[in-house]
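First comes the structure, then the notes that go with it.
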Amino acid sequence: MADDGRKRTDGTGVVVATPESIARAARRLREGELVAFPTETVYGLGADATDEDAVAAVYAAKGRPASNPLIIHVADLDATRELAPFDERAEALATAFWPGPLTLILPRAARCAIAGRACAGRDTVAVRVPDNHVALALIRVAGRPVAGPSANLSGRPSPTTARHVYESLGDAVPTILDGGSCAVGIESTILDLTGDEPLLLRPGGASVEAVEELIGPVGRPQGAGEATPTSPGRAESHYAPNLPVRLGATHADPDEALLAFGPVVPGGAAKTLNLSTAGDVVEAAVNLFDMLLRLDTPEFRRIAVMPVPETGMGRAVNDRLRRAAAPRPASRLAAAPCR
Ligand code: TXA
Ligand code: MG
């Protein structure tokens, strides 16, 4: 097959990100096609955020409920001002953290051009400026805000390589820009600034302590599992591999795969991958989804995971692991998601 810049000869849609392939991808994005792209956190499944049909295609490709809104990626703070009014807190945070792994939930501006579907019909909008040159080039060349959830089937581990995107979404994505492995490896921190009290909807790549230094205390949403209407993606089971997950493992059974952490690792597992032999939580975040996906094969009965300290980035890692281990909805168990 000739390389038309969309399908590589292997038929996966993965193309190495170059100025030329980014320009082609940007043109296709403007024409309403989906483009998967790297960010510093995880790969995103991009669509022109102003195009209702393109946004609908994102939900369809992921199997995502239409009630779960998308993050809008923009190239810089000025582009965001057209979408949402920035109060002092938002201004301070955006200036300090962008480009970077912090998503702000803000009220939608009256003249906001974002498709209603991308915000799931809400009067709020989630925005961030990604810290990745391929993502920024794609947004700038397309000249559009890019709606981009993580580029995986809904409920499954997030992709940190172009290959992961193809393995999760297959031919539903005609163009997957390959920008290598994601530097942070875990999704953005999500902060809701629509009320008087800022609320942490998802721990992630940006430090909550650093956020609190700038704007004061940040609240946590009420309710077990935070499956609140405020952020529908907070449903308890998420990031789940096909295999069951056992947390807090201090030993491993012979039919288990072990996701280890730190220098001292129990023997006996069928296979072991170590999130960080040095015991570094930042390195653990980088490796988390890739290692979960690599251990998720039918030759094992279960994935056992060693404890990860609840400090710094460890909080975001543990949040993902708890959701990966949470009871799965019956619908998802029955529907054996593609591998
Ligand atoms: O790092 C990231 O955030 C990655 C990269 C691609 O940017 N994106 C990502 O998107 O993780 P997604 O769709 O997998 O997760 C976005 C979360 C969902 O839990 C969604 O419910 C929440 O953001 N969200 C989006 N818009 C919202 C809004 N207006 N109000 C409350 N929550 C919102
Ligand atoms: Mg996601």
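For ligands, and for the atoms within them, numbers begin at 1 and follow the listed sequence.
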Can you sort out which atoms of ligand 1 are near His73, meaning under 4.0 Å from one of its heavy atoms?
5 (C), 6 (C), 7 (O)

Quiz question: by atom type and distance under 3.5 Å, do the side chains of Ser188 and Arg202 form a donor-acceptor pair?
yes

Less than 4.5 Å apart, any side-chain heavy atom of Ile186 and any of Val317?
yes

For the pair Arg24 and Glu20, find out whether any cationic side-chain nitrogen is under 4.0 Å from an anionic carboxylate oxygen.
no

Quick one: do the Ser150 and Glu187 side chains pair a donor with an acceptor below 3.5 Å?
no

Find all atoms of ligand 1 within a distance of less than 4.0 Å from any non-hydrogen atom belonging to Pro149, and give their numbers and elements.
10 (O), 12 (P), 13 (O)

Is it true that some N/O/S atom of Ser150, main chain or side chain, lies under 2.8 Å from the Mg ion (ligand 2)?
yes

Under a 3.5 Å distance rule, please check whether Asn242 uses its side chain to pair with a backbone N or O of Pro298 as donor and acceptor.
no

Run the numbers for me: atoms of ligand 1, each under 4.0 Å from some heavy atom of Arg64, listed by number.
12 (P), 13 (O), 14 (O), 18 (C), 20 (C)

So, is Arg128 polar-close to ligand 1, with some N/O to N/O distance under 3.5 Å?
yes

Supply the atom-to-atom distance Leu104 CG to Ile72 CD1, rounded to the nearest 0.5 angstrom.
13.0 Å

Contact check, Pro101 vs ligand 1, heavy-atom distance below 4.0 Å
no

Using a 3.5 Å distance criterion without hydrogens, assess whether the side chain of Arg128 forms a donor-acceptor pair with backbone atoms of Val74.
no

Please work out which of Pro130, Ser150, Ala206 has its closest non-hydrogen atom nearest to atom 12 (P) of ligand 1.
Ser150

Would you list the atom pairs, donor with acceptor, under 3.5 Å between side chains in residues 139-148 and any protein atom, with sequence neighbours excluded?
| unit_1 | atom_1 | unit_2 | atom_2 | d |
| --- | --- | --- | --- | --- |
| Arg144 | NH1 | Asp48 | OD2 | 2.6 |

Determine whether the side chain, the backbone, both or neither of Ile190 has a heavy atom under 4.0 Å from any heavy atom of ligand 1.
side chain

Using a strict cut-off of 4.0 Å, indicate which atoms of ligand 1 neighbour a heavy atom of Asn68.
18 (C), 20 (C), 21 (O)

Atom indices of ligand 1 within 4.0 angstrom of Ala126 heavy atoms, with elements
25 (C), 26 (N), 27 (C)

Atom of Ala270, atom of Pro254 and distance for their closest heavy-atom approach
CB-O, 3.2 Å

As an exercise, identify every atom of ligand 1 less than 4.0 angstrom from a heavy atom of Ile71.
3 (O), 8 (N), 9 (C), 10 (O), 16 (C)

Heavy-atom distances under 4.0 Å decide this one: backbone, side chain, both or neither, for His238 against ligand 1?
neither

Find all atoms of ligand 1 within a distance of less than 4.0 Å from any non-hydrogen atom belonging to Glu187, and give their numbers and elements.
1 (O), 2 (C), 11 (O)

Give the atom numbers and elements of ligand 1 that come within less than 4.0 Å of a heavy atom of Thr41.
1 (O), 2 (C), 4 (C), 5 (C)

